[in-house]
Amino acid sequence: MKLKQLQTEHTEKEGSNVTLEGWVRNHRPQKTFGFLDLNDGTCFETVQVVYDQTLDNFDETRKIRNGSAVRIEGEVVLTPKRPQPFEIKAHEVEVVGAADADYPIQPKRHSREFLRQKAHLRPRTNLFTAVFRIRSLLTQAIHDFFQSRGFIHLASPIITANDAEGAGEMFRVTTLDPKAPPLDDSGAVDFSQDFFGRKTNLTVSGQLHAEAFAQAFRDVYTFGPTFRAEKSHTSTHVSEFWMVEPEMAFTDLQGNMDVCEDMVRHLIRQVLKHADSELEFLDRFVENGLLRRLERVASSEFVRITHTEAVDILEQSRQTFERPFEKDFASEHEKYLLSYFDAPVFVTDWPKDTKAFYMRLNDDNETVAAVDLLAPGGGEIVGGSQREERYTMLKKRMDEMGIDTEELDWYLQLRRFGTTPHSGFGLGFERMLMYVTGVSNIRDVIPFPRTPNNCEY
RNA sequence: GCCUCAUUAGCUCAGCGGUAGAGCACUUGACUGUUAAUCAAGGGGUCCUAGGUUCGAAUCCUAGAUGGGGCGCCA
């Protein structure tokens, strides 16, 4: 039987025998009896197993160490006067796989740094049980949201030929011999002899491919892994992460923000609805006030201001900032705007030279129809835009910014064959997860994080 | 890439120029309802590495390695 099921049915099951399988989180043996805290992976909670000398293998059971895998057969006993509503009175305890004495996870707080070095064992701690249960829930919620609105999911390619679209450094994909690659006449590496007959990289974004599908299915989204080879050392960057990228034809920037706002609210509501125990734990041990913050965001209207308005607010703030804010914002500016409004804020219409080539040029010729969503406690979690759908404008912008128009001819063609005003955004999945769980380092919301100089496991 | 802080037992940390410490974990024992149980005893150390200063270095100095935090780049 699964513990999750027993949790909802323990009243009906009172007095009946059940078998549970799981891992011992903590063990409190005494002289003639003892207690095992068992987690079977099906829910956040543990169940207390009580055993005594009536067990055939009482002496062996007394010696069970934390981390051991066990099978318990016993009776469901209601315990309304104790901290837990029910427990299991064991009739049989079978050790399925004992844990050696040097099992490193103890029933106490460990540092995140230590647990990162034990990434294969950390899902057995309360914190990571909560985080990864919510991660799974959030994945489901994303698909629910888009599928229920008729969006088509597309698996955008992980290996791409797009060399650079301005999103950052890329990982090269190659089968050439690193010691003796073939060279061309000028002495440079000859990638025409590489596996795909050209230079290829891991994707930095599925957006361009999503745009192609949006011109066929209208509303589409991608949800998959993304790779950046930047040597960033921060708590919000990893080399491999997941992005959600919806793309919508016949949709302007306002419509884009409507979908984004609905999505963020939906995601938070789903977590609030289905992860009570996890959020309660996180609110207590990770971020005091997490629940209140999420509830407020789930019910509040998001603010919408232009970049020009945001700059005005910063200018009138009477606060001294270390960095200039006329063009792009640093985290200190984002924090000020968030505390000013005390709600999620969309900032739109950014100066064109701070943003990517595909964003639609506004009539002022100075700004583009870009949008960043700033969220209290999470910083920038979404970046999006209305795309430049006018062929000549796009071509001009690409030339100005030195983007290879030959390589991206297929992307330009989309503007010649039935172009539409269209928009989309990218949600950093792990950043959303940080925002929802209160966990402050992105390496602690991804199962096996990859960062510069670190690819263990 | 830049700036900072750290590295002492399996974990969390104290010690800051004079014999290597505590709590938890582990092992053993006590305990008839524990909730990160409690109590007692025991085992456990390349004080990150390499140099240097000193009668004497975990402690002071130099370099390096690894990790954390901040900034930049971004999601």
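Convention: sequence-line order gives letters A, B, ...; per-chain numbering from 1.
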*Picking from B:U34, B:C74, B:U32, which would you name as closest to the side chain of A:Arg228?*
B:C74

*Searching all strands shown, indicate the nucleotide that pairs with B:U53 (Watson-Crick or G-U wobble; both distances under 3.5 Å).*
none

*Indicate whether OP1 or OP2 belonging to B:G72 is found under 4.0 Å from a side-chain N or O atom of A:Arg323.*
yes

*In the structure shown, which nucleotide is the Watson-Crick or G-U wobble counterpart of B:A58, with both distances under 3.5 Å?*
none

*Determine, for A:Phe33 and A:Arg62, whether the Lys NZ or Arg CZ falls below 6.0 Å from the six-membered ring centre while staying within 45 degrees of the axis.*
no

_What is the separation between atom NE2 on A:His27 and atom P on B:C24, rounded to the nearest whole Å?_
18 Å

*Just how far, in rounded Å, is P of B:U28 from CG of A:Asp59?*
11 Å

*Atom CG of A:Leu38 and atom C1' of B:U34: how far apart are they, to the nearest Å?*
16 Å

_Among B:G1, B:C74, B:C31, the nucleotide that comes nearest once only the side chain of A:Gln30 is considered_ = B:C31

*Do A:Trp350 and A:Thr367 have side-chain heavy atoms sitting under 4.5 Å apart?*
no

*With the threshold set at 4.0 Å, does a side-chain nitrogen-carboxylate oxygen contact exist between A:Glu400 and A:Arg397?*
yes

*Does B:A30 have a Watson-Crick or wobble partner in any strand here, with both distances under 3.5 angstrom, and which is it?*
B:U38

*Should the pair A:Glu287-A:Arg293 be classified as a salt bridge under the 4.0 Å nitrogen-to-oxygen rule?*
yes

*How would you label the contact of A:Glu240 with the nucleic acid (heavy atoms, under 4.0 Å): base, sugar-phosphate, or nothing?*
nothing

*For residues A:Asn362 and A:Asp349, is any side-chain donor paired with an opposing acceptor at under 3.5 Å?*
yes

*Specify the residue among A:Lys89 and A:Trp242 whose closest nucleotide of RNA chain B lies further upstream toward the 5′ end.*
A:Lys89

*Checking all strands, does A:Phe241 fall into the base, sugar-phosphate, or nothing category for heavy-atom contacts under 4.0 angstrom?*
base

*Residue pair A:Asp144 / A:Gln140, side-chain donor-acceptor N/O under 3.5 Å*: yes

*Can you figure out which of B:G33, B:A36, B:G68 approaches the side chain of A:Gln48 most closely?*
B:G33

*Taking atom P in both B:U54 and B:U12, what distance in whole Å separates the two?*
37 Å

*Between B:A63 and B:C39 - P atom distance, rounded Å*: 47 Å

*Evaluate the ring planes of A:Phe151 and A:Tyr221, with Trp represented by its six-membered ring, and classify them as parallel (under 30°), tilted (30 to 60°) or perpendicular (over 60°).*
perpendicular

_Separation between the C1' atoms of B:A36 and B:C74, rounded to whole Å_ = 40 Å

*Spacing of the P atoms in B:C61 and B:C5 (rounded, Å)*: 12 Å

*asked:* In whole Å, I'd like the distance from the NE2 atom of A:His333 to the C1' atom of B:G72.
replied: 14 Å

*What does nucleotides 5-13 of chain B look like as a protein-contact string, B for base, S for sugar-phosphate only, - for none, at under 4.0 angstrom between heavy atoms?*
-----BBS-

*asked:* Classify A:Arg112 by what it touches in the nucleic acid, base, sugar-phosphate, or nothing, heavy-atom distance under 4.0 Å.
replied: nothing

*OP1 or OP2 of B:G68 sitting under 4.0 Å from any side-chain N/O of A:Ser235?*
no

*Considering Watson-Crick and G-U wobble pairs with both distances under 3.5 Å, what does B:C2 pair with?*
B:G70

*Can you check the A:Phe35 CZ to B:U38 C1' distance for me, whole Å?*
13 Å

*Residue pairs, two or more places apart or on separate chains, that pass side-chain hydrogen bond (donor to acceptor under 3.5 Å, both in side chains) and touch residues 110-132 of chain A*: A:Arg25-A:Asn126, A:Arg25-A:Thr129, A:Arg116-A:Asp444, A:Arg122-A:Asp444

*Compare the minimum distances between each of B:G33, B:C71, B:G69 and the side chain of A:Gln84, then state the nucleotide with the smallest one.*
B:G33

*asked:* Rounding to an integer number of angstrom, what distance separates B:A14 and B:G56 when you compare their P atoms?
replied: 29 Å

*Could you give the CD-to-C1' distance, from A:Glu334 to B:C71, as a whole number of Å?*
13 Å

*Side chain of A:Arg443: nearest nucleotide among B:C74, B:G68, B:U34?*
B:G68

*asked:* Of the listed nucleotides (B:C74, B:G33, B:G1), which one gets closest to any side-chain atom of A:Asp328?
replied: B:C74

*asked:* Classify A:Val49 by what it touches in the nucleic acid, base, sugar-phosphate, or nothing, heavy-atom distance under 4.0 Å.
replied: nothing

*Under the side-chain hydrogen bond (donor to acceptor under 3.5 Å, both in side chains) test, residues paired with A:Asp252 that sit two or more places apart*: none

_Between A:Arg116 and B:G68, is there a contact of a side-chain N or O with OP1 or OP2 at under 4.0 Å?_
yes

*Counting heavy atoms from C-beta on, name the nucleotide in B:A25, B:U28, B:G33 closest to the side chain of A:Lys63.*
B:U28

*Are OP1 or OP2 of B:A36 and a side-chain N or O of A:Asn126 less than 4.0 angstrom apart?*
no

*asked:* Any N or O donor-acceptor pair under 3.5 Å from the base of B:C74 to the side chain of A:Ser232?
replied: no

_Between B:A50 and B:C55 - P atom distance, rounded Å_ = 23 Å

*asked:* Counting the atoms with a prime plus P, OP1 and OP2 as sugar-phosphate, which does A:Asn66 contact under 4.0 Å by heavy atoms, base, sugar-phosphate, or nothing?
replied: nothing

*With a 4.0 Å cut-off on heavy atoms, is A:Arg284 in touch with a base, just the backbone sugar-phosphate, or nothing at all?*
nothing

*Considering only atom C1', compute the distance from B:U34 to B:A41 and round it to an integer number of Å.*
23 Å

*With no angle test and no hydrogens, is the base of B:C73 tied to the side chain of A:His237 by a donor-acceptor pair under 3.5 Å?*
yes

*Nearest-Å distance, CD1 (A:Ile64) to P (B:C26)?*
13 Å

*May I ask you to check whether over 12 heavy atoms, not counting those of A:Glu326, lie within 6.0 Å of atom CD?*
yes

_Assigned partner base of B:A20, Watson-Crick or wobble definition, under 3.5 Å_ = none

*Tell which nucleotide pairs with B:A9, taking only Watson-Crick or G-U wobble pairs whose two distances are both under 3.5 angstrom.*
none

*Determine yes or no for a side-chain-to-main-chain donor-acceptor pair under 3.5 angstrom, with A:His333 supplying the side chain and A:Arg323 the backbone.*
yes

_Could you tell me how far B:G44 sits from B:U4 if I compare only their P atoms? Round to whole Å._
42 Å

*Distance, rounded to the nearest Å, where A:His233 contributes NE2 and B:C71 contributes P*: 15 Å

*Within the structure, does a side-chain N or O atom of A:Ser331 lie under 4.0 Å from either OP1 or OP2 of B:C71?*
yes

